[in-house]
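Presented below is the structure to which this report refers.
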Amino acid sequence: ILILVILFSFSSLQAQNFYSPLIIDIDGDYYVWKSLGSDLYPITNSGGYNRLPRLSPDNVYLGYSTLAPVAVDALRREGGFGGGGELPTDIHLLNIETEQEMVIAAQPPDASFFTEGTPDRYMVRGTPAWSPDSRLLVWAEYDERYEQQSIVIYDVATGASSTITEVPFPGMSIP
């Protein structure tokens, strides 16, 4: 009987899915390797503008920042920028299993960056971070137009975001 109990316990452990994908950043795009015998394949195609990926603790989602279209346009137009500083970024959420991607924090509709004769209007977002239960994705953001720093909390289940604007960030820049 003891041997049957041990065998039953072992077989039930094998039946569990210990799925943990390997996500690799190759030149600013993400590739996934799901298991032995599977191929490594791309799950994003940003042209190399993705950065700072964070896998959810339940291994279902990848949250990351990517250069916003206004930043990509300015880089292509200008060929680069001197002086450093953070560029406009958006936050994306990717379901690794379904490979569905969505932008959960985009630039404002009137966004502009480094355009002659137009005032800058853009958002810079920091590295996203997950809650331990994978329900919330959180990041810091800076609104250049209003010079306001805040924390954004995104609820994965509802798709709703809430913003905390009363955040003391004296002299701190967003990474």
Are Met123 and Leu67 joined in one hydrophobic group, where the rule is that I, L, V, M, F, W and Y side chains link up if heavy atoms are under 4.5 Å apart?
no

Tell me every residue that passes side chain to side chain donor-acceptor pair (under 3.5 Å) with Thr118, counting only those two or more places apart in sequence or in another chain.
none

OG of Ser131 to CG of Leu137: how many Å apart, nearest 0.5 Å?
8.5 Å

Check: Thr66/Asp90 side-chain N/O donor and acceptor closer than 3.5 Å
no

Acceptor/donor pairs from residues 152-163 side chains to any protein atom, 3.5 angstrom cut, sequence neighbours excluded:
| from | atom 1 | to | atom 2 | distance (Å) |
| --- | --- | --- | --- | --- |
| Asp155 | OD1 | Ala157 | N | 2.9 |
| Asp155 | OD1 | Thr158 | N | 3.2 |
| Thr158 | OG1 | Ala160 | N | 3.2 |

So does Glu97 get a backbone contact from the side chain of Asn95, meaning a donor-acceptor N/O pair under 3.5 Å?
yes

With a 3.5 Å distance limit and no angle check, can you tell me whether Ser46 reaches the backbone of Gly28 through a side-chain donor-acceptor pair?
yes

Backbone of Val72 reached by a side-chain donor or acceptor of Arg77 within 3.5 Å
no

Nearest 0.5 Å, what's the CG-OG1 distance between Leu62 and Thr44?
8.0 Å

Counting N and O atoms only, with roles assigned by atom type, does the side chain of Ser134 sit under 3.5 Å from a partner on the main chain of Asp58, one being a donor and the other an acceptor?
yes

Linking Ile, Leu, Val, Met, Phe, Trp and Tyr through side-chain heavy atoms less than 4.5 Å apart, which residues share a cluster with Val103?
none

Contact list for residues 94-113, test ring pair (Phe, Tyr, Trp, His ring centres under 6.0 Å), sequence neighbours left out
Phe81-Phe113, Phe113-Tyr122

Residues in side chain to side chain donor-acceptor pair (under 3.5 Å) contact with Ser38, at least two apart in sequence or another chain
none

hydrophobic_cluster_shared for Tyr41 and Leu55, side chain cutoff 4.5 Å:
yes

So CD1 of Ile164 and OG of Ser150: to nearest 0.5 Å the spacing works out to 9.0 Å

Residue list, salt bridge (charged side-chain N to carboxylate O under 4.0 Å, His left out) with Asp29, at least two apart or on another chain:
none

With clusters built from Ile, Leu, Val, Met, Phe, Trp and Tyr whose side-chain heavy atoms come within less than 4.5 Å, directly or transitively, what are the remaining members of the cluster of Tyr31, listed by chain and number?
Leu22, Ile24, Ile26, Trp33, Leu36, Leu40

Interatomic distance, Asn45 atom CG to Tyr30 atom OH [nearest 0.5 angstrom]:
13.0 Å

Once salt bridge (Lys or Arg N to Asp or Glu O under 4.0 Å) is applied, what residue pairs with a partner in residues 99-108 remain, sequence neighbours excluded?
none

At what distance, to the nearest 0.5 angstrom, does OH of Tyr61 lie from CD1 of Ile104?
10.5 Å

Using the salt bridge (charged side-chain N to carboxylate O under 4.0 Å, His left out) criterion, which residues pair with Asp25? Sequence neighbours excluded.
none

What pairs meet the salt bridge (Lys or Arg N to Asp or Glu O under 4.0 Å) rule with one or both residues in residues 142-151, with sequence neighbours excluded?
Asp110-Arg145, Arg121-Asp143

Could you work out, with side chain to side chain donor-acceptor pair (under 3.5 Å) as the rule, every residue matching Ser112, not counting sequence neighbours?
none

Residue pairs fulfilling salt bridge (Lys or Arg N to Asp or Glu O under 4.0 Å) with at least one residue in residues 156-165, sequence neighbours excluded
none

Nearest-0.5 Å distance that lies between atom CG in Asp73 and atom OG1 in Thr115
8.5 Å

Hey, is the main chain of Arg54 close enough, under 3.5 Å, to the side chain of Trp130 for a donor-acceptor pair?
yes

Taking atom CG as the centre, does Asp133 end up with more than 12 heavy-atom neighbours from other residues, nucleotides or ligands that are less than 6.0 angstrom away?
yes

